[in-house]
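What follows is a short report on a single structure.
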Amino acid sequence: MSGVHPGDIEAFAAAVGTDDPVCVRGGGSHWMLGGEPAAGVREVVAPSGIAAFDPAEMTVTVGAGTTLVDLAAVLVEAGQEVALEGPSGATVGGVLAVGRSSLRRGRVGAARDALLQATCVGADGRLFSAGGPTVKNVTGYDLCRLLVGSLGTLALLASVILRTRPVPEESCWLQGQMEPAAVAAGCHRPATLLWDGARTAVRLEGYREDVEGSAESLVAELGLEPIEGPPALPPHRSRWDGTLPEGGILEVGSGVVHGPEPLPVPVPAPGVAALGRRIRDGFDPTGRLNPGRDPYRLVA
Amino acid sequence: MRRRRWSTRDPLVADLEAAVGAGHVQAGDAAVHLYSRDGSAIGGGRAGVVCLPGTAEEVAACIRVARRHGRAFVPRGAGTGLAGGAVPCDDPVVISTTRMTRILDVDIERRLAWVEPGVVNLDLTRHLAGTGLHFAPDPSSQQSCTLGGNVANNSGGPHCLAYGVTSAHVAAVEVALPDGDLVVLGEEEGDPVGYDLRGAFVGGEGTLGIATRIAVRLTADPPEIATLLLDFPTIETAADTVSAVVASGIVPAAMELMDQRVVRAVEPHANAGYSLDAAAVLIVELDGLPAGVAREVEAVTRIAGAHGADSVRVASDEEERERIWKGRKAAFGAIANIKPSYYLHDTVIPRTRLAEVVAEVNAIADRRGLIVMNVFHAGDGNLHPLLVFDEREPGVLEEVFAAGEEIVRLSLSVGGVLSGEHGIGLEKRQFMPLLFQPADLDAQRVLRDAFDQDGVANPHKVLPTGASCGDVQGMTRLPEGTWV
C-alpha cells in the first residue's frame, strides 16, 4: 500500500478548515459511540497509508485513516503488531479516538500506551504534534493520552507514531469451571481472563514451550479444557461494579462487562466533569469538532 | 482579653498553621534554604514558606490558603528531581508531601494498591515482598524518591524498558487541583471514563495540582530472571548489540550500558563484578517463563558474540544479581568523586542510532576538553551523558553549557526528544521550542490552563515563559542521594 505523505496531512488540515462544524469518519464501526454527530455536520476523512515502518526501532508512522487490517498486514511481515484491536474496517484513528483497549490487554498493554506521537488538526485548523517519536519520552505534557478516548472532540488525528511489539509465537484459549483468581494464580501474565459467573476462559501467549507448559499444567492441575477461541461476547458494554448481570461476561482487570442489555453510564463527579468541560472548551472553543459526541457517554 | 498567639506572625504562616498544625509549617532561614533546591544543578530559587500537610484535605487547605494570600504553590516530594521541577519560583508556598507515607490498601487479587504520595518507591516494593507482586517503575533514586514525585515526573527506571513508565502503572489518582478542590481522576480498573485526565495529570511536574492518593497497578513477579553482564572492547560494539537485540524482537526487562570511566568509578565501591578492562559493560535482564528466558539468554549471547563481546556472564544466583544492580544504581554517587562539578542531560534517541550518537557525544566532549561519562538506559535509547569538570578552571562553565546544548541538538537531529525521565522543569524550558512548534506548545498550554486557570501551580516550569527563575549554577558536588 502507498505511504502517507506530508501533503496528505496538509490537505486533511485544509479539509478540516477553520469555521464550520466537522466530524471525522473512520471505518464507521463505532459510529454511534458517545453520541451520533449532530445532523448535517460535514464529514472529513483522515489520510491513510504507512509513512514509515522501522522494525528495528519497533515503531510505525501511519495515517490515522489506515485500517487496522492494512496496518497489520505490513507489520506481520516483520513479525510485529500493535496493541490496537477493532472490528473489521476499523481505522487506527477511530480505534484511538474511542480508546478501548485490546481484549489481549494483559499482554499487549492499554491502547493508550501504544501511542507515541500524534499529529493532529486543531479546532483552529492548525496542525500540531503531541508526544514524540521515541519509545520513551517525558518532554512536556502528555497530550497523547488525553487524545486517546476523546472521540475527536479535542483535535482530529491525522497521523500517528505507534509502538509495535513482537507477535507472540504461540497462543491458546482454555476454559474451566472456576473463579478467575484461581486461573490467574496458575499462569504467568495471561493475555485475557473472561468470567461468566461460573466459568473462566483464559488466553495464554508467549514462547511455544512456555504456552504449552502453562496450558498443560492448567489442564492437569485445574481441569481446564482447550477451546477454539473466546466465548461469544454479548453486544453491550458496561462498567464493572462488582456484580455480574444475567448473561454477562467480565473482562477481568479491565473494568468492562459485556452484557445482553445496555446499562446506565456512570456520571462523573462534578469536579471531574467541570475539568473535562474546561479542557474541551480550551481545545475547541466553538464546539466545531465532532459536535454531538461526548466521551463521558462512552460507557466502557 | 483573648490571647492572640499569632499577632506577631506573618498572616500567611498563621493561616497555614491553622490548616496543618503549628508544628508542620516552617518559615525559618534553615527551611527556606533547604527547600530552595532539588537534585538538579539549579540554584536561585527561594521557598516562601514550607508546609507539611498530613492528609489530602490538608493539602487542599494549603492550596486554598496560598491562593487567598495571592501566592503560588510548589509541590515537593523527596526533592530528588534532576530538572529543577521542585525549585521554588515567585516566593511560593512549598507543599511537601513527605509526611503522607501510608500505604492505605493493597488488593492482591485485583493487583492494586492505594498509597499516599509520600510513600518512598522502594518502601512499597519492600511492603509487597512475599506477595508475588511489585511496583514496576524503579528509578535509580528509588531508595529516596516518592510515589507522588514519580507521578509528577512520570518516572522511569531500568525496568521500564519492558514494563513501561509510571503512567502505565497508575490506575487512578486523587488530586488537589490548583483551585483547592479534590477530585479522583481515572478508574481502579481499565480504560478511563471520559477524557483521560489521569493520563494528562501524570508527568505534569506539579503544574496541574498535587497528587494526594494514588492507585498504583501491581505487576506479577516474573517466575524466572536471568541477569547478564557483558563486556565489550568498545562502547560502539556494546551500543550496536543493544540495537541488534531490540531488532531481533526480544524485549528485555532492562538493558543498561556503562562506559569504562563509569565502571572504574563504581567498581571499587560496589564490588559488582564489572570488568575494569572492558571499554563498556552492558547489563541485560531477561524475565518471564523459563523456556522463553533460556531462549532469550541464548539469543542475546549469540548477538553479543557476533558484535564482538569479550565475555558474557549470567548471574549465578540472586546475590550476584543484586550486586550487579546495586553497582548500576549507585553509579552516580560514585561518579561524584571524580571531579567536583557535573552537568547531566537526559535525552532519548532512536535505539537504532545509539552507537553513532554515543560516539558523537564523546567527540563533543573531547573537542571542548571535557570529560564525559555514560551510564544509561540503552534499551530505550535514553542517554544520560554526564559532563564532569572542575568549575574553578577558567572558562570551563561556558564549554559545559555549549557541550550540553550540542548534545541536545544532536539528539533532536536524529529524531530524539529532550527528556526520557527527568522532565523539563526549569532546566530544559528554553529547549522546548527546538522540539515543538508554536502550535504544539499552544496545545500543551491549553491543557495546563484548564487545570490551573490562574497560573498558581508551580509557575515557570515545563513551558517557556520568558521569565527568569533559577539558573543552572552552583554545580558543586552532587547532592547526596542523587541517582539516574
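Letters go in sequence order (proteins before strands), and every chain restarts at 1.
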Side chain, backbone, both or neither of [X] within contact of chain A (heavy atoms, under 4.5 Å):
| X | value |
| --- | --- |
| B:L208 | side chain |
| B:D380 | both |
| B:L161 | neither |
| B:L435 | side chain |
| B:V184 | backbone |
| B:E188 | neither |
| B:L463 | side chain |
| B:R295 | side chain |

Find the one option among [options] whose heavy-atom pairs under 4.5 Å with chain A are most numerous.
| options | answer |
| --- | --- |
| B:G288, B:G420, B:G249, B:A244 | B:G420 |
| B:A247, B:G381, B:G164 | B:A247 |
| B:S243, B:P222, B:P223 | B:P223 |
| B:P350, B:G203, B:A200 | B:P350 |
| B:S167, B:C160, B:G132 | B:S167 |
| B:I250, B:V175, B:N382, B:D346 | B:N382 |

Restricting to non-hydrogen atoms, name the atom on [X] and the atom on [Y] that form the minimum distance, rounded to 0.1 Å.
| X | Y | value |
| --- | --- | --- |
| B:D191 | A:A110 | OD1-CB, 4.3 Å |
| A:A56 | B:V246 | O-CG1, 3.3 Å |
| B:V165 | A:K136 | CG1-CE, 4.2 Å |
| A:P133 | B:V417 | CD-CG1, 3.9 Å |
| A:R278 | B:A450 | NE-O, 2.7 Å |
| A:R145 | B:D196 | O-CB, 3.3 Å |

Between atom [atom1] of [X] and atom [atom2] of [Y], what is the distance when rounded to the nearest 0.5 Å?
| X | Y | atom1 | atom2 | answer |
| --- | --- | --- | --- | --- |
| B:L441 | A:F128 | CG | CZ | 11.5 Å |
| B:F201 | A:L146 | CZ | CG | 14.0 Å |
| B:Y195 | A:L147 | OH | CG | 10.0 Å |
| B:D449 | A:D281 | CG | CG | 13.0 Å |

Only pairs of heavy atoms separated by less than 4.5 Å count here; which of [options] has the most with chain B?
| options | value |
| --- | --- |
| A:G79, A:G253, A:A155, A:A274 | A:G253 |
| A:E169, A:R189, A:R165, A:H188 | A:H188 |
| A:V252, A:T59, A:D294, A:D142 | A:D142 |
| A:G132, A:G109, A:G276 | A:G276 |
| A:S101, A:G271, A:A181 | A:S101 |

Does the side chain of [X] reach to within under 4.5 Å of the side chain of [Y], using non-hydrogen atoms?
| X | Y | value |
| --- | --- | --- |
| B:Q437 | A:L127 | no |
| B:V193 | A:P268 | no |
| B:P290 | A:D210 | yes |
| B:V348 | A:N137 | no |
| A:T139 | B:F431 | no |
| B:D442 | A:D124 | no |
| A:Y141 | B:T207 | yes |
| A:E179 | B:E109 | no |

So what's closer than 4.5 Å to chain B heavy atoms on [X]: side chain, backbone, both or neither?
| X | value |
| --- | --- |
| A:R297 | neither |
| A:Q80 | neither |
| A:L143 | side chain |
| A:D54 | side chain |
| A:S214 | side chain |
| A:V272 | both |
| A:R112 | side chain |

Is a side-chain N or O of B:R351 found less than 3.5 angstrom from the main chain of A:E57, in a donor-acceptor match? yes

